[in-house]
Amino acid sequence: MSNTNTKSMNGTKIKLDISDKIIRTLGYILVTVYAIACVFPFLIILGTSFTSEAIVRVEGVQLLPKEFTTYAYELILKAGTIGGSYIVTILMTICGTSVGLSIIAMTGYALQRKDFPYRNAISFYIYFTSLFQAGLAPYYLVMTQLYHLKDSYLAVFLPLLMSPWLIILMKNFVKAIPHEITESGKIDGAGDMRIFVSLILPMLKPALATIGLFLALGYWNEWYQSSLFLSSKVTYKPLQYNLYEVVNKVQSLKNSVAGTYVTLTDLPSETLKMATAMVSCGPIIFLYPFVQKYFIGGITVGAVKG
């Protein structure tokens, strides 16, 4: 059987036989097909958002717009709420990711400290809360009657700040850091916070990027909490809930937008949905390439037991 040589990352040659080449080729083909299948719906939404409503009603969604128009995007800007929704979502994503990541990192580190009392009991308590939930009605009553967070952005901000699963994930990341590093910091006279900031955090960059991406996506894609606690009294709602209202309540959007600028029959319902989807998902798409290497590294580290 003939052999084929290829170079590894360190420059050494690795011999590949025919079976290895076939497996690699099949893998590349499957990954390519899967990537196309993921990108194709996005391209259809993009093409339809720039297509005339009349074409969409007759021929359906379009990959390449036959009658190019930016009318749907113009209506979104004229509505006057998309800018405020962007600001609310961006601020909530930045603040929530920063604060949540700090709390989760400190909690995961503390629960992994061998000299931390009752760490096993606290870990079990955190894990136990992920198994059982009181239900929607008690949760709503607690948030609105006890905490008085109805029509408050805190009702959306606080529930997403941290989760038991992310704390457990961070705890597993910290397992890979030897306890001797903490001991060496103590010998040098450093306090707990100094040890955490100066010694532990620099070694948690992959974990911070991984969990930070989960938090950022959670805040950016949030709509459920907004639907529960933010009523019409709130002018600027999070971006994805704004999209939710466009998709499910197009008639209300017609009354608020089209009544001033266009007649109701001229409002592009389908293309307006597609344009709003593009406006909503755009910025978060460009975030992933910057954290991709840390994300992949974090997943790999978290999968290896220390």
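Quantities reported herein were computed from a predicted structural model and do not represent experimental measurements.
Taking the side chain as every heavy atom from C-beta outward, Val56 and Glu67 never approach each other to under 4.5 Å. Residues Leu154 and Tyr147 are not in side-chain contact: their nearest non-hydrogen atoms beyond the backbone lie 4.5 Å or more apart. The closest side-chain heavy-atom distance from Leu149 to Thr144 is not below 4.5 Å. Under the 4.5 Å side-chain criterion, counting only non-hydrogen atoms from C-beta, Phe173 is in contact with Ile211. In this structure, Met193 and Met106 have side chains that are in contact, with non-hydrogen atoms separated by less than 4.5 Å. Side-chain contact check for Pro238 versus Trp223: every heavy-atom pair is 4.5 Å or farther apart. Residues Thr89 and Gln240 form no side-chain contact, since every pair of their non-hydrogen atoms from C-beta on lies 4.5 Å or further apart. The shortest side-chain heavy-atom distance between Trp165 and Ser130 does not fall under the 4.5 Å cut-off.
Between atom OG of residue Ser226 and atom OH of residue Tyr153 there is a gap of 9.0 Å, rounded to the nearest 0.5 Å. The CE atom of Met274 sits 9.5 Å away from atom OG1 of Thr51, with the distance rounded to the nearest 0.5 Å. Interatomic distance, Met143 CE to Gln225 CD, rounded to the nearest 0.5 Å: 6.5 Å. A distance of 15.0 Å separates CH2 of Trp220 from CG of Leu215, quoted to the nearest 0.5 Å. A distance of 11.0 Å separates CG of Asn172 from CG of Leu111, quoted to the nearest 0.5 Å. Distance check, rounded to the nearest 0.5 Å: CD1 of Ile103 to CG of Leu166 gives 12.0 Å.
Salt bridge present: Asp192 and Arg113 bring a charged side-chain N and a carboxylate O closer than 4.0 Å. Ion pairing between Arg194 and Asp188 fails under the 4.0 Å rule for side-chain N and carboxylate O.
Phe229 pairs by the ring-ring contact (aromatic ring centres under 6.0 Å, His included) definition with Tyr139, Tyr140, not counting sequence neighbours. For Glu59, the salt bridge (charged side-chain N to carboxylate O under 4.0 Å, His left out) criterion is met by Lys66, not counting sequence neighbours.
Hydrophobic clustering of Ile, Leu, Val, Met, Phe, Trp and Tyr side chains at less than 4.5 Å, counting indirect connections, unites Met170 with Phe214. In terms of hydrophobic clustering, with Ile, Leu, Val, Met, Phe, Trp and Tyr side chains grouped at heavy-atom distances under 4.5 Å, Ile181 and Ile195 are assigned to a common cluster. Grouping the Ile, Leu, Val, Met, Phe, Trp and Tyr side chains by contacts below 4.5 angstrom, directly or via other members, places Ile87 apart from Leu230. Residues Phe68 and Met278 share a single hydrophobic cluster, defined by chaining ILVMFWY side chains whose heavy atoms lie under 4.5 Å apart. Criterion: ILVMFWY side-chain heavy atoms under 4.5 Å apart, direct or through other members. Under it, Ile36 and Ile45 are not part of a common hydrophobic cluster.
Closest approach of Leu228 and Lys150 over heavy atoms only: O-NZ, 3.3 Å. For Ser85 against Asn242, the heavy-atom pair with the smallest separation is OG-ND2, 3.0 Å. What you find for Ser98 and Ile94 is that their closest heavy atoms are OG-O, 2.8 Å. In plain terms, the two heavy atoms of Gln62 and Gly60 that are nearest each other are NE2-O, 3.1 Å. Here the shortest heavy-atom pairing between Leu201 and Ala105 reads CD2-CB, 4.4 Å. When all heavy atoms of Pro164 and Thr129 are compared, the closest pair comes out as CG-OG1, 3.5 Å.
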For this session: Evaluate side chain to side chain contact (heavy atoms under 4.5 Å, CB included) for Leu217 paired with Tyr219, printing each intermediate quantity in order.
Result: CA-CA 5 Å; Leu217 289 174; Tyr219 276 104; over 6 Å; no

Exercise. Taking it one step at a time, do Glu53 and Thr271 satisfy side chain to side chain donor-acceptor pair (under 3.5 Å)?
Worked result: CA-CA 6 Å; Glu53 180 72 11; Thr271 56; 3.1 Å; yes

For this session: Applying side chain to side chain contact (heavy atoms under 4.5 Å, CB included), run through Ile177 and Leu204 and close with a yes or a no.
Result: CA-CA 9 Å; Ile177 300 178; Leu204 288 177; 3.7 Å; yes

For this session: Go through the steps for Leu101 and Leu208 under the test side chain to side chain contact (heavy atoms under 4.5 Å, CB included), then give the verdict.
Result: CA-CA 7 Å; Leu101 199 57; Leu208 295 175; 3.9 Å; yes

Problem set entry | salt bridge (Lys or Arg N to Asp or Glu O under 4.0 Å) between Asp151 and Lys237, intermediate numbers included | CA-CA 10 Å; Asp151 293 329; Lys237 299 172 183 175; over 6 Å; no

Problem set entry | Chi angles and distances behind the side chain to side chain contact (heavy atoms under 4.5 Å, CB included) call for Glu222, Leu239 | CA-CA 8 Å; Glu222 202 293 312; Leu239 197 60; over 6 Å; no

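The main-chain N or O of Leu46 is found under 3.5 Å from a side-chain atom of Ser49 such that the two form a donor-acceptor pair.
Between the side chains of Tyr109 and Thr182, at least one donor N or O sits under 3.5 Å from an acceptor N or O.
If you look at Tyr86 and Tyr236, their ring centroids are not closer than 6.0 Å.
Heavy atoms of other residues, nucleotides or ligands lying less than 6.0 angstrom from OH of Tyr224 number 12 at most.
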